[in-house]
Amino acid sequence: MTMPLMQPKRKNPILRTRQMNLPPWSRGRVALGMTAAAAEGRFELQVCERCQAVQYPPREACHRCLSPELKWRKQSGEGSLLADTRLYHSNDLFFRERLPWRLGLVHLDAGPSVIVHLHGEIGAPPERVKVGARLDRAGQAVLIGFPGKGSEHMADDRMLREMTSDPKFRKVLVTDGKTAVGQALVKALVKAGAEIVWIGHAEPWKKLPGFDDITQMKEVTLVPLDLTNERAVSELAGEIGGKVDIVINNAEVHRTFGIEARRGTDVARAEMEINYFGMLRLAQGFGPALKARSADGVTHAAAWVNLLSIFALSNYPPHGTFSASKAAALSLSQCLRAEMRPAGLRVINVFPGPIDDEWNQNMPPPKLAPAALASAIVNALKEGVEDVYPGEVAQEWLERWRDNPKVLERELAAGG
Ligand SMILES: [Zn+2]
């Protein structure tokens, strides 16, 4: 059983703020294949195309037949714990601050033996475990031994909290929390145990259905936040920036047209102002304080979430300028991720297909319900993944894009 996490006491301001030292992060190019899969929540190992041998650690050629044809394949992770040990000393600064730390040797049913971080609910060997891949605070894949069926509070495990960005007891800022997606997000975050949810809103006079119920929640505080206004962003950052643990940038402007259908650039500019420059202003305002608190106790600053769109991968001409603004946002988000990584902060990019909202009225179903999108985002925080493609449409586009981006471009130009 994992002891449920208790709400941490308020920090004594005289005590030192723990600085972030990343766990060892250097990996060879081949090993990054495991990280790429873990970033989307999958545990993959290389499998030899010729003799089917499963490889670990990652390598250039098969350990059994020397074939260079190794393909990354999803693993079940089922295995047996052969041995465990508890680390009480380490020269590594990351682990030194977090001792004791439990490790195990697991023999996977698929063949190889792997060293894993052990979840606290796993008993002494021999014991069945399920190995999963997660990203550690350096953003690299590590293997974790999970119990087959965990208890209710298994996410509160001390080691697991170091790998994930669970909203429980954390303070979250949601930009533009008035929209249908924003409201669904706030509900999902409160349900997941967030301590405070600040809702940024740019237009206080706008009454949106359902919003009164949200503002009644005791965890919720409304804050003025206009992402087109640099000064407003930095003022709010000055006020609450030192307390925010998770930023969810949900603000977007979405209009449905391509190039020919309109004159002028005003609407396209409005999309860029929020979808691209808005994120830039928010990151400049809130990034530094977030980075400074990324190792501060069990509710340290943990993650930054950007609501992008599957249209960011390849332009969907009927939503042409919107797609372009999201492609710009994706590129900026990759920069943000690179800059946040040294602080151990996770940047999560969310690529939904068409959301069931007013701007996608003319899109054929299936469309993603705001509640489903919100729960995918909260799950991503809990699982510690980096890239999420919620819904059937996003999954299908992703597959087509990976298969051949040029073919997808042609198909989208012909209407999907
Ligand atoms: Zn082989």
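Atoms within a ligand are numbered from 1 in the order they appear, just like the ligands themselves.
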Note, the Zn ion (ligand 1) has protein N, O or S atoms under 2.8 Å numbering 4

I'd like to know whether Glu40 forms a salt bridge (charged side-chain N to carboxylate O under 4.0 Å, His left out) with Arg402, so could you lay out the CA-CA distance, the side-chain angles of the two residues, the decisive distance to 0.1 Å, and finally the verdict. CA-CA 14 Å; Glu40 291 175 21; Arg402 284 198 171 138; 2.6 Å; yes

Check this for me: does any side-chain nitrogen of one of Arg269 and Glu273 sit under 4.0 Å from a carboxylate oxygen of the other? no

Is the positively charged end of Arg255 above the ring of Phe257, judged by distance under 6.0 angstrom from the centroid and angle within 45° of the axis? no

Kindly indicate, with the supporting measurements, whether the criterion ring-ring contact (aromatic ring centres under 6.0 Å, His included) is fulfilled by Trp397 and Tyr316. CA-CA 11 Å; Trp397 280 39; Tyr316 182 54; 5.7 Å; yes

Return a table of donor-acceptor pairs under 3.5 angstrom between the side chains of residues 185-195 and protein atoms on other chains or two or more places apart.
from	atom 1	to	atom 2	distance (Å)
Glu195	OE1	Gln7	NE2	3.3
Glu195	OE2	Gln7	NE2	3.3

Please confirm whether the backbone N or O of Lys171 pairs with a side-chain atom of Lys243, one donor and one acceptor, at under 3.5 Å? no

